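What you are looking at is a predicted structure, and each value in this text was computed from that prediction instead of being measured. One-based numbering, in listed order, for ligands and for the atoms of each. Along the sequence shown, residues carry numbers from 1.
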Amino acid sequence: MSRNILKDWAGRFRSETPGVSAKTEWADQLTRSRHAGPRMSVQTAMDPATHGTGTLSVHAGTYNDPVTGAVGTPVFNATTFLFQKESYKAFDQGMIRDYPIYTRYGNPTQWAVQDKIAALEHAESAIVFSSGMAAISTTLLALTTRGGHIVTARDLYGGSFNLLRDDMHQFGREVSFVDPTDADAIEAAIRDNTQLLYFETLTNPLLKCAPVARLGELARQRDLFLALDNTFLTPVCMTPIDLGAHVVLHSGTKYLNGHSDLVAGSAAGSRKYLDMIWSQMLKLGGSLNPQDCAVLERGLKTLDLRMRAHVAGARQIATYLDGHPGVARVYHPDLPDYPYDWAAGLLPRGAGGMVSFEVKGGDEAGLKLMSELRIIQAATSLGGVESLISMPFNTSHSSMVERQRREVGINPGLMRLSVGIEDLADLRRDLSDALAAATGERA
Ligand SMILES: *Cc1c(COP(=O)(O)O)cnc(C)c1O
């Protein structure tokens, strides 16, 4: 079985749509009339090839209201839109993704933020979801079929791992878990029925960098889908589509929105594949409501600016912790002992804003450290303007037994720090005081 399930998918569409003959296969129509978007004529179309990420963050996709001249996208709270001649034509031609008909299918406020994400990810098309998990579950189901096989890793966000381990086989998909940094092991895990490679570009919590360019090459050679969760890096630090990925996923809850006040997700890629994911999204129902789209769009306007601060902050904090006698080990791609040497070539714009480290004294010292911090807050999640710290052993990876944690490299005392945009001198002092209290050591 090959990745090319478009024919299968056309079959599914046909069976749900009596009267569509084999000659007018949906897949063929997709090929014939594929274009970027959905995008309305009043939206700001901006070519990512000729604009920087700062400009794209602010302007790409904005809905420019021709009646009022409002600066910024209006919030269309409507659930439904008046039928027009074009909408009937859209139904007839299977093009309803491009017309405002019903908000779960699409809404101009969704299209504005989707187009911004697409521009930032160098993709033709994007879909926003009600959470990162909605984006991931919908995409995994859309890009695979019953009897298919997925190659992925144990180094995944907990929710993604649980879905792949507990549920995908119930839908008739087989799953293999391999080391996400070992391209040879990934290749060796490919079978005749493999359809999808699914990994995180920079893993949670140990910041292992996937060999994305090699994975892109592998997907091309073996005719497989490559879908990557780019949450930790954002398109400011990596655009996986340029490296051969077919679909890029995000928990928009994290850096894309950036203010810890919204749960959202996104998928981006070519129009052809995003149409498949869109059709799955209609059935699973995880669309993002218009008010939340407006919040996400506002957050994204400062994405480039925020990421520059996160990247610089994480780099400095990683170096500071690396030289601290109370810290046993620091995980960050910019440090000289980082083991995955392809990362430097893949991350010319930096490695995001996360730093993981092992505090001396194990989990007990880690808990003490968190209780002593005054500016850095102990909470799960990441990617917001405020610095957050958590320990994987009793949060994101608590569903693993100790042996499994050791296998993926989560040692006692491991802390996951999301470096915010506060003043670095304040963050360093906060860490210095708390480390002194927790370990008795001062840098
Ligand atoms: C948080 C997270 C998710 C899940 O996103 P939600 O918005 O919480 O559903 C998926 N992948 C990664 C890497 C994450 O950090």
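Electrostatic pairing of Arg220 and Glu217 counts as a salt bridge here, judged by a charged N lying under 4.0 Å from a carboxylate O. Looking at Glu402 and Arg406, a side-chain N of the basic residue comes within less than 4.0 Å of a carboxylate O on the acidic one, giving a salt bridge. Of the charged side-chain nitrogens involved, none lies within less than 4.0 Å of a carboxylate oxygen, so that Asp192 and Arg222 do not count as a salt-bridged pair.
The shortest N or O to N or O distance between Asp229 and ligand 1 is below 3.5 Å. Distances between N or O atoms of Gly252 and those of ligand 1 include no value under 3.5 Å.
Within ligand 1, the atoms closer than 4.0 Å to a non-hydrogen atom of Met133 are 5 (O), 6 (P), 9 (O), numbered from 1 in the order shown. Under a 4.0 Å criterion applied to the non-hydrogen atoms of Ile136, ligand 1 contributes the atoms 10 (C). Atoms of ligand 1 lying under 4.0 Å from at least one heavy atom of Thr253, given by number and element, are 6 (P), 7 (O). When each atom of ligand 1 is checked for a heavy atom of Ser131 under 4.0 Å away, the hits are 7 (O), 9 (O).
Across the listed options Phe129, Phe161, Tyr157, Tyr255, Tyr157 owns the non-hydrogen atom lying nearest to atom 10 (C) of ligand 1.
His332 and Tyr338 have their aromatic ring centers separated by at least 6.0 angstrom. A centroid separation of 6.0 Å or more is found between the aromatic rings of Phe76 and Phe81. When ring centroids are compared, Tyr99 and Tyr105 stay outside the 6.0 Å threshold.
Asp182 places a side-chain N or O within donor-acceptor distance of the main-chain N or O of Asp184, the cut-off being under 3.5 Å.
Neither the backbone nor the side chain of Leu249 comes within contact range of ligand 1; no heavy atom lies under 4.0 Å. Residue contacts with ligand 1 for Ala134 are absent, since no atom lies close enough (heavy atoms, distance under 4.0 Å).
Of all protein heavy atoms, the one closest to atom 5 (O) of ligand 1 is Ser251 OG, 2.9 Å. The single protein non-hydrogen atom nearest to atom 14 (C) of ligand 1 is Lys254 NZ, 3.0 Å, given as residue, atom name and distance.
Residue contact annotation: Ala264 has a non-hydrogen atom under 4.0 Å from ligand 1.
No more than 12 heavy atoms of other residues, nucleotides or ligands shown are found within 6.0 angstrom of OH on Tyr102.
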